[in-house]
Novice: 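Sharing a structure, written as structure tokens. Questions coming.
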Number of protein chains: 4
Amino acid sequence: MDEIAKRAGLSKGALYHYFDSKEALFEALIERSAGEIAAQGEAMVAAAGGADPAATLRQLLNFMCHALTDPKLFAAPRLILAEGLRYPRLAKFYRAHVIDVGMRALKQLLASGVEKGVFRRVEPRIGIRVFIGPVMASAFLLHIFEDPDAPPPGELADGIADILLNGLSVPQAEDAA
Amino acid sequence: MDEIAKRAGLSKGALYHYFDSKEALFEALIERSAGEIAAQGEAMVAAAGGADPAATLRQLLNFMCHALTDPKLFAAPRLILAEGLRYPRLAKFYRAHVIDVGMRALKQLLASGVEKGVFRRVEPRIGIRVFIGPVMASAFLLHIFEDPDAPPPGELADGIADILLNGLSVPQAEDAA
Amino acid sequence: MDEIAKRAGLSKGALYHYFDSKEALFEALIERSAGEIAAQGEAMVAAAGGADPAATLRQLLNFMCHALTDPKLFAAPRLILAEGLRYPRLAKFYRAHVIDVGMRALKQLLASGVEKGVFRRVEPRIGIRVFIGPVMASAFLLHIFEDPDAPPPGELADGIADILLNGLSVPQAEDAA
Amino acid sequence: MDEIAKRAGLSKGALYHYFDSKEALFEALIERSAGEIAAQGEAMVAAAGGADPAATLRQLLNFMCHALTDPKLFAAPRLILAEGLRYPRLAKFYRAHVIDVGMRALKQLLASGVEKGVFRRVEPRIGIRVFIGPVMASAFLLHIFEDPDAPPPGELADGIADILLNGLSVPQAEDAA
DNA sequence: CATGAATGAGCTTTCATTCAT
DNA sequence: CATGAATGAAAGCTCATTCAT
């Protein structure tokens, strides 16, 4: 809190004027950064209205990859990881304000793709994990392990989308000799 | 350290006999759990010898999904995430002993798949992220966010492998002109 | 001060307009509650004018027992006891405005009883302590220790008066020799 | 705690080695001082065995007056007053370990006096308050209000006992003209 | 080898008081 | 007159580390 106060140009006491506790401050931070991102992602899916699910998926991936490249926007997930054991309520808050929102949107996107006949009918819980996981992994490698080899966000999003949509496997010729 | 000593059934003094510092203790923990897992994954790829890359990928996913379902084996990654900021050396240690090992093996697996003509030639850094990300995301949802909806590890591995290999998209009919 | 301001329905700033400091506020509180009680007790003794000291003593006990049953009137003594160490000036203030007043009145009452020949000539400092002590003890048991067995004030005053005036001992038969 | 540690010649950390919290430290203090006094008083009553209730009452008063003259032994009651609002459990602890013990002993003493025919049958709750109150009042005047006029403990105990046993009133001649 | 008492810097939080508006 | 944001010292407590035994 000393450090936070100093960076905010306030005294520690003033911080407690605005937030009841460190936990409350963290919750506000989560809501204003990760919560915002999740809401924007949800809005993106809603705006697309199921018109072109593959394009929406690409757009969403692009958005997420760019967002999580920003250290400021990675602050919220990092917070959960660093302080989640000390403040267990924080993980619950994050789940309610970020994860549930994102999951709902992704489930919606996958379902509309299936409905349109462009996505295969995969188990939604797994589809969600396969969508969000690569973005997470990239963010961790970038911010926590300082991978010098990190691909730029646009390229990353395109590459993830390519594999997600088309698979790693080489398509088999189906009517060969 | 008090808590660790108590659970280990010895005194704090004894703990400092075995480990020079908390950081050293953490490094040992990482080496013995996550390092072990990474080494086993690497051995799995080496043992397969590039014979059936898709099968090896499925096997590796299955191994990882089962491993990270165990709270004890999730302890090391969680440690890095929670303490990585407090002990920056720890993140570097983890990268050297776990991430680099795993990445090398995965890059090898992808390359052998390409060589065999069964995998498309994707950017390896991205292929790696798409492989490991979904497993990570599943572990986080399970252990950090206590998702009650977590799929069982076997089913999870199969589902991830299916999407990874075959993609989300419905294959196009190829019988055109 | 925050709490006091809130309960008083004004801002902290306003509080400091009316009172220079917390100590000053406390002094005002003491003067307006305990000081008032002490003054009323003194007036009671003065009004009686030494006419019927035993009756005055009963009346005074009754007044005190009823007063100290009211949590609002117990607030001032409690304040002294709780904050007397933190604000030593406060104890002196209470002594001057409450204790000295009460003691003077009691000393007066006892003296007039002796003069009238209805009270034995006891050491006044001790007489005072024996008078006020039981009332204090009752208030403490009621407000601090939340004794569920507390006697109602009227009954309490009568009981104390009975013992004070007549003693615990069974009167000896005087018909000897 | 800083102050306590300094006076004990320890660091703050060491204090928390011995006591889980400030409240626990206070409970230990209460048990070792006031609890001890209460237990000794109880033992005194038990030892007397109801043989000479008036003498026991005098002895007990003498013991209490001497005990509460010692600032160290007054520390526990003072603690309750100063910290009771901050740590409400403390008052409950004091009640259980000190007040209930003392009350039980006093009730016993009064009952045995009644049984012997030397004490009048007074309401025990009131008898207790009249016994303990004057001692309390004396201790407060001495330690909190620093009364320069405080009677020495022996004289005080004798004076209280005299009033308690014989009453303030001048005995009436019962067979006069 | 092992103990556990002890340290001291650091943490989150509180609170009487001040002051620009 | 009144507000409430801001301060800063101090409170209770934690914890990695050390050291006499």
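As the structure is a computational prediction, the values presented were derived from the model and not from experiment. Lettering follows sequence order; numbering is per chain, from 1.
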Novice: Going by the rule salt bridge (charged side-chain N to carboxylate O under 4.0 Å, His left out), which residues pair with Arg95(B) if we only count those two or more places apart in sequence or in a different chain?
Specialist: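 Partners of Arg95(B) under the salt bridge (charged side-chain N to carboxylate O under 4.0 Å, His left out) test: Asp100(B).
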Novice: Who are the side chain to side chain contact (heavy atoms under 4.5 Å, CB included) partners of His17(D), not counting sequence neighbours?
Specialist: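 So His17(D) forms no side chain to side chain contact (heavy atoms under 4.5 Å, CB included) with any residue.
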Novice: Roughly how many Å is it from CZ in Arg86(D) to C1' in dT13(E), rounded to a whole number?
Specialist: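 Rounding to the nearest Å, CZ of Arg86(D) and C1' of dT13(E) are 13 Å apart.
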Novice: Starting from C1' on dG8(E), measure out to CG on Asp2(D) and report it in whole angstrom.
Specialist: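 In whole Å, dG8(E) C1' lies 11 Å from Asp2(D) CG.
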Novice: Can you list everything that forms a side chain to side chain contact (heavy atoms under 4.5 Å, CB included) with Gln40(B)? Sequence neighbours excluded, please.
Specialist: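 Partners of Gln40(B) under the side chain to side chain contact (heavy atoms under 4.5 Å, CB included) test: Glu36(B), Phe63(B).
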Novice: If you take any heavy atom closer than 4.0 Å to DNA chain E, which residues from residues 75-82 of chain D end up in contact?
Specialist: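 Nucleic-acid contacts, sorted: none.
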Novice: Can you name the nearest heavy-atom pair linking Val101(A) to Ala38(A), along with the distance?
Specialist: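 The pair with the smallest heavy-atom distance is CG1-O, 3.7 Å.
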Novice: Which heavy atom in Val98(B) sits nearest to a heavy atom in Ala34(B), and how many Å separate them?
Specialist: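 For Val98(B) and Ala34(B), the tightest heavy-atom pair comes out as CG2-CB, 3.7 Å.
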Novice: Which residues satisfy the salt bridge (charged side-chain N to carboxylate O under 4.0 Å, His left out) test with Glu31(B), sequence neighbours excluded?
Specialist: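 With neighbours one apart ignored, the set is empty.
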Novice: What residues in residues 14-24 of chain C put a non-hydrogen atom under 4.0 Å from any atom of DNA chain F?
Specialist: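 Within residues 14-24 of chain C, the residues near DNA chain F are Ala14(C), His17(C), Tyr18(C).
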Novice: Looking at CD of Glu146(C) and CZ of Phe140(C), how far apart are the two atoms once the value is rounded to the nearest 0.5 Å?
Specialist: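 If I round to the nearest 0.5 Å, the distance is 14.0 Å.
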Novice: Enumerate, atom names and distances included, each donor-acceptor pair closer than 3.5 Å involving a side-chain atom of residues 79-94 of chain D, sequence neighbours excluded.
Specialist:
unit_1, atom_1, unit_2, atom_2, d
Glu83(D), OE1, Arg86(D), NE, 3.4
Arg89(D), NH2, Glu27(D), OE2, 2.9

Novice: Between Leu25(B) (CG) and dC15(F) (C1'), how many Å, whole number?
Specialist: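 Rounded to the whole Å, the gap is 15 Å.
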Novice: Residues in side chain to side chain contact (heavy atoms under 4.5 Å, CB included) with Ala14(D), at least two apart?
Specialist: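 Ala14(D) satisfies side chain to side chain contact (heavy atoms under 4.5 Å, CB included) with Leu10(D), Ser11(D) once adjacent residues are dropped.
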Novice: CE of Met1(D) versus P of dT14(E): gap in Å, rounded?
Specialist: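 Going from CE in Met1(D) over to P in dT14(E) covers 18 Å.
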Novice: Does Tyr87(B) or Gly13(A) map to a spot on DNA chain F nearer the 5' end, using the closest nucleotide for each?
Specialist: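 The residue closer to the strand's 5' end, by nearest nucleotide, is Gly13(A).
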Novice: Can you list, pair by pair, the side-chain donor-acceptor contacts under 3.5 Å of residues 1-9 of chain D, counting residues two or more places apart and other chains?
Specialist:
unit_1, atom_1, unit_2, atom_2, d
Glu3(D), OE2, Arg7(D), NE, 3.1
Glu3(D), OE2, Arg7(D), NH2, 3.2

Novice: For Asp70(B), what residues pass the side chain to side chain contact (heavy atoms under 4.5 Å, CB included) criterion, not counting sequence neighbours?
Specialist: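 Residues passing side chain to side chain contact (heavy atoms under 4.5 Å, CB included) with Asp70(B): Lys72(B), Leu73(B).
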Novice: What's the closest nucleotide to the Ser11(C) side chain, out of dT3(F), dT7(E), dT12(E)?
Specialist: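 Between dT3(F), dT7(E), dT12(E), the one nearest the side chain of Ser11(C) would be dT3(F).
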Novice: Does DNA chain F take part in any stems of at least 3 consecutive Watson-Crick or G-U pairs (both distances under 3.5 Å), and if so, which ones?
Specialist: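 As far as DNA chain F goes, consecutive pairing (with distances under 3.5 Å) yields the stems E:2-21 with F:2-21.
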Novice: Rounded to whole Å, please give me the gap between CD in Glu83(B) and C1' in dA16(F).
Specialist: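 In whole Å, dA16(F) C1' lies 12 Å from Glu83(B) CD.
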Novice: Between the base of dT17(E) and the side chain of Lys12(C), is there any donor-acceptor pair under 3.5 Å?
Specialist: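 Side chain to base: pair present.
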Novice: What is the distance from CG of Leu10(A) to C1' of dG4(F), rounded to the nearest Å?
Specialist: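 Going from Leu10(A) (CG) to dG4(F) (C1'), I get 14 Å.
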